[in-house]
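Model, not experiment: these values are computed from the prediction. So that the names make sense, note that chain A is the first sequence line, chain B the second, and so on, each numbered from 1.
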Protein chains: 2
Amino acid sequence: MQAAEAEWTPSQCRARDILDRIGDKWSLYVIATIGDGTKRFNQLKREIDGISQRMLTVTLRGLERDGIVTRTMYPVMPPRVEYSLTELGRTLLENVTAFVLWAERHVDEIEAARARYDARAAEEVEPFA
Amino acid sequence: MQAAEAEWTPSQCRARDILDRIGDKWSLYVIATIGDGTKRFNQLKREIDGISQRMLTVTLRGLERDGIVTRTMYPVMPPRVEYSLTELGRTLLENVTAFVLWAERHVDEIEAARARYDARAAEEVEPFA
DNA sequence: CTGTATCCAAATCGATACTG
DNA sequence: CAGTATCGATTTGGATACAG
């Protein structure tokens, strides 16, 4: 397709499906919320605003499959399951944290940019109303 | 909503909608593909594998609105439009790049983890087949 | 070339009910 | 408590047609 394209692009490399996974709706939050510690299922559910039981399960399974999260089940009643990051997961956590910090640092700047953009768009519709 | 929640979690902070934006399907690739340079619309479309015209437009508008991408239009025929990162966008690019590099560095490890997980899952269905 | 508009298919997601 | 199963609503996204 892009045989003439000598340059490397992220969307064409082998890491694509890994990037896609992290780019899903919840993985980033799950990783950030587990953090350095150990968390139980419902604890995560409470702390991640808006996530449904289903999506937490699906996301955790995906991260477990990728070797980013470990799942430890204690065969007691009621069941107790603990999640924490693997060593690999903790290297990813550094990136996630950097990213969250970036967002925090620039939240005002971005909201201002949005306001400017929206005002500009409204103006173009009604220039001098 | 979460007034009783004293603890800070990334999913409840003001940066939430910013993180959500970057976590969409294409933003990361668009940012990485524009990179330090300047790219035209169809150039991006060619280099980002699998993106449709519609989604490239939608993603670029979102990034432009957030002040991450600038759009420069030359009023010629045929139209020529160039996209590049703003200063803010370039600070984000650093995070994106770190993230892409992380994925590249660990792609083998993750694929191995996936294979292990899948083998394990198959085993549990047919323990000694 | 760089879009916008419309329509439709598919994936995603949340609510609910149920299980060990 | 920690899930699984199912279903319907919503969202997303691709294909197509068309415009400046």
What is the distance from CG of D20(A) to C1' of dT12(C), rounded to the nearest Å? 15 Å
Would you mind reading off the distance between F41(A) atom CZ and dG3(D) atom P, rounded to a whole angstrom? 5 Å
If an axis is fit to five pairs at each end of the helix from dC1(C)-dG20(D) to dG20(C)-dC1(D), what is the angle between the two, to the nearest 10°? 50°
Whole-Å distance separating the CH2 atom of W26(B) from the P atom of dG13(D): 8 Å
Take the protein atom CG of N42(A) and the nucleotide atom P of dC1(D), then report the distance between them rounded to whole Å. 5 Å
Proximity to the side chain of V81(B) - top-ranked nucleotide from dC1(D), dC1(C), dG3(C): dG3(C)
Between atom OH in Y29(B) and atom C1' in dG13(D), what is the gap in whole Å? 16 Å
Residues from residues 54-75 of chain B lying under 4.0 Å of DNA chain D - heavy atoms: R54(B), M55(B)
Write down the distance between CD (Q53(A)) and C1' (dT19(C)), rounded to a whole number of angstrom. 12 Å
Looking at T86(B) and T70(B), what are the two nearest heavy atoms and their distance? CG2-CG2, 3.2 Å
Across all chains, not counting sequence neighbours, the side chain to side chain donor-acceptor pair (under 3.5 Å) partners of N42(B) are none
Hey, does the Lys NZ or Arg CZ of R16(A) hover above the aromatic six-ring of Y29(B), less than 6.0 Å from the centre and inside 45° of the axis? yes
Which of dG14(D), dT4(D), dC1(C) is nearest the side chain of S52(B)? It is dG14(D)
For K39(B) and dC1(C), give me the distance from atom NZ to atom P, rounded to whole Å. 16 Å
Rounded to the nearest angstrom, tell me the gap between atom OH in Y83(B) and atom P in dC1(C). 14 Å
